[in-house]
Amino acid sequence: MRWKGCLEHAWGKSFRTGCLKHVLRKESFKPLWRSIIKVLFGSKLSCLLPLAPVAAILVHLKLGHGWIFLCSLLAIGPLAERLGFVTEQLSVHTGSTIGGLLNATFGNATEMIISIFALRNGMIRVVQLSLLGSILSNMLLVLGCAFFFGGLAHPRKDQKFNKATALVSSGLLLMAVMGLLFPAALHSTHTELHVGSSELTLSRFSSCVMLLAYASYLFFQLKSHRELYADAEEDEGPTGESDEEEEECVLSFWGANLWLGILTVVISILSQYLVDAIQGASDSWDIPLAFISVIILPIVGNAAEHASAIMFALKDKLDISLGVAIGSSTQISMFLIPFCVVIGWIMGKPMDLNFQLFETATLFITVLVVAFMLQEGTSNYFKGLMLIFCYLIVGASFFVHIDSLDDSGNR
């Protein structure tokens with residue numbers, strides 16, 4: 001009996017110890033499962049994530065460029081939105097200044113990754129057209145929808161936004177147009193000092209100047225004139241969300257870095273699939289490559305960003321909507337385009353700022369139209385409707401436009 005009691009006592013102690021370890025082990029996995037659920041299933045667009053492995057299967061089985069392109073493009077959208085969420089989580093741990101730099105760097109990470117893969121494949125024209133399309137869609141479609149739906153939600157008044165910051169962004173966009181205009185004019189008028197090299201040299205010099213100007217703009221925004229952007233920051237809260245939707249920090253510093261790396265790798269793989277299939281998709285769908293690059297790619301790839309701009313406009317927070325639309329356009333034109341020129345320079349690819357006369361004229365007129373819309377510091381549904389109609393005209397123009405360059409950018 002004593003032996004039996006000792007055995008029961010020992011077994012009971014061992015059982016209790018095992019249960020305790022099991023509970024502790026289960027508790028230790030809670031933050032991990034919480035981060036997985038929050039990152040992978042924290043958005044309504046997460047239902048499109050299964051298309052990522054579908055795209056990989058299609059590539060492995062070689063089942064058609066059109067389907068590969070479509071699945072890759074639809075999967076990149078939610079991944080880009082989740083990348084923005086992880087970046088915001090990381091900025092909570094790094095402070096406002098570093099957080100602002102992170103948002104400026106990863107704000108258009110998807111376009112950057114796609115552009116680098118396209119450059120590596122020598123598809124310079126795809127890089128130029130896709131970046132141009134992102135600028136046009138942000139300035140006309142996204143801003144137009146934000147003005148339109150915001151105006152319908154608040155029909156009895158004109159919505160107001162920070163006029164000073166809008167004018168600063170407009171000035172930067174006009175500078176970007178200048179950077180693109182002179183190489184195109186130099187090429188079109190055949191006035192190059194050294195045919196074939198002066199245009200490229202001018203583009204590389206202008207790109208370095210534009211990158212310096214963008215760095216100065218970040219210092220202006222985050223340090224010297226931070227008070228100009230204070231109202232928008234107060235509305236957004238510390239993580240870039242509105243006060244009503246402010247969420248607690250669910251990712252640790254290292255957890256956010258880990259997810260940042262994972263999402264970047266997955267987006268890179270899908271970007272490679274997309275770039276490899278874009279020409280085949282154009283041929284199989286019988287749609288011009290310029291139309292796919294300028295219209296379809298930016299709309300689908302940035303759907304989450306577009307939706308957030310509209311939602312903030314519905315809440316009468318147009319400063320945030322402008323930060324999404326005009327801020328993204330400024331970042332692409334003043335940072336991403338010259339960055340691609342420099343990366344192409346390093347790779348030995350002749351990437352330049354000559355987007356051709358038709359494309360440069362389209363951008364120039366778009367910037368002028370938007371600058372006029374922003375100069376009063378107010379918006380209404382009619383201004384939004386005009387911007388949307390302008391985008392429809394631009395889309396129709398690229399549908400009937402024949403690009404005179406081949407995929408590698410040769411003239």
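Residue numbers count from 1 along this sequence.
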Pair E376 + K160, salt bridge at N-O below 4.0 Å: no
Basic-acidic side-chain contact under 4.0 Å: K157, D316: yes
Other residues, nucleotides and ligands only: do more than 12 of their heavy atoms fall within 6.0 Å of [atom1] on [X]?
X: W67; atom1: CH2; answer: no
X: F358; atom1: CZ; answer: yes
X: M347; atom1: CE; answer: yes

Is it the case that the side chain of [X] and the backbone of [Y] share a donor-acceptor pair, with hydrogens and angles ignored and the cut-off at 3.5 Å?
X: H65; Y: Q279; answer: no
X: E199; Y: P183; answer: no
X: S188; Y: A185; answer: no
X: S321; Y: A313; answer: yes
X: S207; Y: V341; answer: no
X: S206; Y: S203; answer: no

Compare all side-chain heavy atoms of [X] with those of [Y] and state whether any distance is below 4.5 angstrom.
X: Y217; Y: S169; result: yes
X: F148; Y: K383; result: no
X: L141; Y: L136; result: no
X: I326; Y: N138; result: no
X: F291; Y: I296; result: yes
X: S170; Y: V370; result: no
X: E359; Y: T362; result: no
X: I278; Y: S293; result: yes

From CG (L186) to CG (L353), nearest 0.5 Å: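 L186 atom CG to L353 atom CG measures 12.0 Å (nearest 0.5 Å).
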Side chain to side chain contact (heavy atoms under 4.5 Å, CB included) evaluation trace for I337 with F355: CA-CA 11 Å; I337 289 178; F355 281 40; 4.0 Å; yes
Donor-acceptor side-chain pairing of N354 and Q128 below 3.5 angstrom: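 There is no such pair between these side chains.
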I388 and C145: CA distance, side-chain angles, deciding distance, side chain to side chain contact (heavy atoms under 4.5 Å, CB included) verdict: CA-CA 7 Å; I388 295 173; C145 288; 4.1 Å; yes
Steps toward side chain to side chain contact (heavy atoms under 4.5 Å, CB included) verdict (L336, E111): CA-CA 8 Å; L336 193 49; E111 289 89 344; 3.6 Å; yes
Pairing residues for F161 by the ring pair (Phe, Tyr, Trp, His ring centres under 6.0 Å) criterion, not counting sequence neighbours: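 Here no residue qualifies.
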Aromatic ring pairing F339/F335, orientation class (parallel under 30°, perpendicular over 60°, tilted between): parallel
